[in-house]
Chemist: 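The structure's right below; bear with me while I get my questions together.
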Amino acid sequence: MAYNPREDRWDRGNPLGRPLTAPLSSTRVHNLIIAIDGPAASGKSTTARLVADRLGYVYIDSGAMYRAAALRAIRLHVCLENRERLGRVAEDAEIGLENGGRGAVTLDGEDVTEAIRAPEVTAASSIMSTVPAVRRALVRRQREIGESVDSVVEGRDIGTVVFPDADLKIYLVASIEERARRRHAELAARGTEADLDAIAREIEERDRRDSTRTDSPLRRADDAVLVDTTGLSIAEQVDKVVSLAIARGARAEERGGASEH
Ligand code: DC
């Protein structure tokens with residue numbers, strides 16, 4: 001870590017460009033960041049939330065920002081091919097993440113927590129996230145939040161672009177069948193019936209778009225720990241990430257362990 005006098009802040013990087021492995025909790029000069037990336041429905045949100053609980057960190061849902069920006073574009077009837085306007089739609093959006101996205105997500109002062117989960121918003125957010133100006137606007141906000149608190153940030157480019165010096169980077173994967181089953185169960189719990197094969201196709205399409213876009217494609221950072229959640233219980237995946245975080249210097253608050261299934 002080095003003090004950067006020009007910007008009046010501590011730079012989080014280290015000469016090796018790798019995460020710090022020595023315990024940081026004794027110094028606590030900077031806040032800690034755990035980056036959790038991976039494809040759609042790989043278990044990021046559940047894992048990130050529970051890990052944040054265990055460590056007493058703030059959970060930040062970066063996908064909710066892309067979703068809110070997409071909802072704004074839909075409401076303003078902006079064509080999803082008009083990339084220039086999409087950038088402005090995102091820049092001008094007032095997006096609020098109450099408690100990092102765990103509470104209400106607001107757009108221009110309105111609660112859109114439910115609205116951003118609609119299938120057309122899901123599809124539009126994936127298209128919108130290919131636009132560099134949209135990404136620039138949202139990444140700037142993600143950094144502002146992450147630089148001020150110990151946080152667990154989930155997304156697609158957190159370990160590669162948003163916080164390349166994150167203390168711990170996790171790349172979550174799961175088989176397509178498992179991911180489709182999870183998404184199906186999640187929708188059913190919200191009272192929405194959906195076809196399992198159609199869900200699998202939609203997830204594959206999003207994976208393709210997220211990983212082939214030119215700006216910040218979804219990919220595992222070289223120093224990210226790969227965690228395959230296929231066949232793992234939620235408690236097991238949370239325990240795994242928490243142990244890795246503790247090894248990197250995080251201090252667990254231990255509020256009852258990862259007992260949620
Ligand atoms: O994680 P999610 O399904 O809520 O994300 C919605 C879309 O936003 C997803 O298709 C990819 C995009 N996204 C992104 O490009 N970068 C992020 N850091 C988070 C989400």
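Each ligand, and each atom within it, is numbered from 1 in the order the structure gives.
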Chemist: Determine the sole option in R67, R209, R156 for which the side-chain hydrogen bond (donor to acceptor under 3.5 Å, both in side chains) test with S126 is passed.
Modeler: R209

Chemist: Does S125 reach the main-chain N or O of Y66 with its side chain, forming a donor-acceptor pair under 3.5 Å?
Modeler: no

Chemist: Which atoms of ligand 1 sit under 4.0 Å from any heavy atom of R67?
Modeler: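 So the atoms of ligand 1 that pass are 2 (P), 3 (O), 4 (O), 6 (C).
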
Chemist: List the steps, then state whether salt bridge (charged side-chain N to carboxylate O under 4.0 Å, His left out) holds for R208 with E205.
Modeler: CA-CA 5 Å; R208 191 198 56 73; E205 172 56 18; 2.9 Å; yes

Chemist: Is R75 salt-bridged to E110, going by a charged N under 4.0 Å from an acidic O?
Modeler: yes

Chemist: Of the listed options (S45, S216, S125), which comes nearest to atom 6 (C) of ligand 1 when hydrogens are ignored and any heavy atom counts?
Modeler: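 It is S125 that holds the nearest heavy atom.
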
Chemist: Any idea which atoms of ligand 1 are less than 4.0 Å away from a heavy-atom of S126?
Modeler: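 The atoms of ligand 1 under 4.0 Å from a heavy atom of S126 are 10 (O).
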
Chemist: Specify the protein heavy atom at minimum distance from atom 1 (O) of ligand 1: its residue, its atom name, and the distance to 0.1 Å.
Modeler: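 The protein heavy atom lying closest is R156 NH1, 2.9 Å.
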
Chemist: Which residue holds the protein heavy atom closest to atom 8 (O) of ligand 1, what is that atom called, and what is the gap in Å?
Modeler: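 Ranking protein heavy atoms by distance from atom 8 (O) of ligand 1, first comes Y66 CB, 3.4 Å.
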
Chemist: Short N/O distance, under 3.5 Å, between R206 and ligand 1?
Modeler: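 N/O-N/O distance below 3.5 Å exists for this pair.
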
Chemist: Under 4.0 Å from any heavy atom of D210, which atoms of ligand 1 are there?
Modeler: 9 (C), 10 (O), 11 (C)

Chemist: Can a non-hydrogen atom of R135 be found less than 4.0 Å from any atom of ligand 1?
Modeler: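 Yes, that is the case, since the closest heavy atom of the residue is under 4.0 Å from the ligand.
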
Chemist: Evaluate the criterion salt bridge (charged side-chain N to carboxylate O under 4.0 Å, His left out) for residue pair E202 and R206; output intermediate values, then yes/no.
Modeler: CA-CA 6 Å; E202 186 264 332; R206 274 218 287 158; 3.3 Å; yes

Chemist: What I want to know is whether D157 and ligand 1 share at least one N or O pair that is separated by under 3.5 angstrom.
Modeler: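 N/O-N/O distance below 3.5 Å exists for this pair.
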
Chemist: So is R213 close enough to ligand 1, meaning a heavy atom under 4.0 angstrom away?
Modeler: yes

Chemist: Side chain of K169, backbone of R220: donor and acceptor closer than 3.5 Å?
Modeler: no

Chemist: Would the distance check show the side chain of N82 and the main-chain N or O of R85 forming a donor-acceptor pair, the cut-off being under 3.5 Å?
Modeler: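 Yes, the answer is positive, given that a donor and an acceptor are paired below the 3.5 Å cut-off.
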
Chemist: What residue among R179, R201, R219 forms salt bridge (charged side-chain N to carboxylate O under 4.0 Å, His left out) with D207?
Modeler: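 Among R179, R201, R219, the one meeting salt bridge (charged side-chain N to carboxylate O under 4.0 Å, His left out) with D207 is R179.
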
Chemist: I want to know if ligand 1 touches S62 in the polar sense, i.e. an N/O pair below 3.5 angstrom.
Modeler: yes

Chemist: Please compare S129, A123, A40 and report which has the shortest non-hydrogen distance to atom 12 (C) of ligand 1.
Modeler: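 Of the listed residues, S129 has the closest heavy atom.
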
